Every structure is written in C-alpha cells, then in structure tokens.
Amino acid sequence: MNEKRENKLPGWLPFVVGGLFIALFTALGAWQINRGLEKRANQQLFEDETGFSAWHDGMPVRPYQRIRVTGRYDPERQVLLENIIVQGRYGYYVITPLLGMDDEPVLLVNRGWIEKREPRDLQRLEVPTERVTVRGRVGHLPRAGMKMGDAFTPGQGWPRVGVYPSPDEVAAELGRAVQPFVLLMDEQEPHGFYRLWEPSGFGPGKHFGYALQWFAIGLVLSLLLIWNYRKKRFD
C-alpha cells in the first residue's frame, strides 16, 4: 500500500513573505516621497532665482542658478545631442564649448533645440567669433533612463552627434576637461534655438500619488495577513 505524503508549506512562510513585500512597498513609497520632495525643492530653486551673477572658474553654483559667463565660442567643435523630442518632433540639443582662459575647463553651453533635418544645415550652428558674454541657468546634460553602447560613433567628424553622452565622454571627444555643469542659454540670448528650460520630469504631485499607491498596497497586504492570522488562530 502506497502512502501519499503531503508536502505542506510551513504555516509561518506566508507571513514572512508577506512581511518582506510590505517592507518593499513601504520602501518604494518612501523613495517616491523623497523624489517628490526633491522635485519640489528643484522647482522652488527654479522659481526663486532672479538676476544673473557673474561667474568665474572655480566659483560654486546651485542648480538652476542664473549666471553670466564671458568667453569665446569654439564653433569648430560643437556637439549635437540626438534623440531629443520636443512637441512630438525629433531633434538635437546644440552644445557649443565656451572657452575661457587657456588652463580653464571648457564650459558647455546648451544653445537649445533644433529640429532634425537631412542633410544637416550646418549654417544654423554658426556663432560669433569675438568674445561674448552669455547668460543662462546652471544645468546638466540630459540623462537617459537606460543607455546601451557608446555615446559617440568613432571616426565621425564635427559637429559630433552623440546619444546621451556623459560629461566625461564629451571631454574625451573635445580632448579637454569640461566644467561640472552645463549653461542652459537664456531664452533672451541671441545665437540660440528653441529654449524652454524647466525642471525635468513630471512634478512632485505624481511622486506623492505613487507613494500613496505603494503605501495603500502595503496596508491592504498587512490587513490580509492580520485577517489570515486571526482566522488560523481561532479555527
């Protein structure tokens, strides 16, 4: 006579697994709250900035700070950031190096967005050759959620076309160190393109909404575990 052996899971296992999921949902909710607070702080910085401070190499800056910088553009070594979508159209951000003193790192100036055209109209990228003062906000290069492969194709000429390069990758192409931030050219400055700078991504409200959802899921799971525990105890 063959006896059937039933393999039953330990009674405590669902509670352990459930507790781990509750901890995970709580952590995700807390992360969303932190992101929302960070976005709110960035928006406040963006809205509070007034006037343009004269900037020099080594001077500390804040995100979205308004500054003005003097130097000479390097028209021969510009970078076009590809896969930038504005109002449903593909295009480039035009990044032009601004040269200060000989031993200073290059300041990358984002002159705004241009629509992608083939063949490429390089005359659109022209800049003055004399020394200029440029106003703008402290920003950074756009970042991809996920990037595969190299930012630049080896052997291409200038202007270089890159897909979400890091500052180090741009510096490697220029053969010269770059400043730790990018100047987002002010909308009133000449020699720029379409510019509508604002803190990236969706606002803090969505993060707080997602946090509420994660906390709600964790609460529901907690109530289910409590109900299951009481049911087993009194059965």
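Source: prediction; values computed, not measured.
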Hydrophobic cluster membership, with links at side-chain heavy-atom distances under 4.5 Å among I/L/V/M/F/W/Y: are [X] and [Y] in one?
X	Y	answer
Val61	Leu98	yes
Val134	Val127	yes
Trp113	Leu196	yes
Tyr164	Ile85	no
Met185	Val69	yes

Practice task
Would you please indicate yes or no on a ring centroid separation below 6.0 angstrom for Trp55 and Phe181?
Solution key: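 Ring-ring flag for Phe181/Trp55: true, centres closer than 6.0 Å.
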
Problem set entry | Test of ring centre spacing under 6.0 Å for Phe25 and Trp214 |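 Distance test on ring centres: under 6.0 Å, yes.
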
pair [X]-[Y]: side-chain heavy atoms closer than 4.5 Å:
X	Y	result
Leu108	Val170	yes
Thr70	Arg131	yes
Val178	Pro105	no
Leu141	Leu81	yes
Leu80	Tyr93	no

(request) Under the side-chain hydrogen bond (donor to acceptor under 3.5 Å, both in side chains) rule, what do Arg160 and Gln78 come out as? Steps first, then yes or no, please. (result) CA-CA 7 Å; Arg160 295 275 202 272; Gln78 301 191 65; over 6 Å; no

What closest approach, in Å, do [X] and [Y] show between heavy atoms, and which atom pair accounts for it?
X	Y	result
Trp197	Glu187	N-OE2, 3.8 Å
Arg111	Glu126	NH1-O, 3.9 Å
Gly29	Ala211	O-CB, 3.3 Å
Gln65	Pro60	OE1-O, 4.3 Å

Under 3.5 Å, is there a donor-acceptor pair between the side chain of [X] and the main chain of [Y]?
X	Y	value
Glu169	Ser166	yes
Arg176	Glu104	yes
Arg77	Leu174	yes
Glu82	Val161	no

_Under 4.0 Å between a side-chain nitrogen and a carboxylate oxygen: does that hold for Arg68 and Asp186?_
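Here Arg68 does not pair with Asp186 in a salt bridge, since their nearest N and O are not under 4.0 Å apart.
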
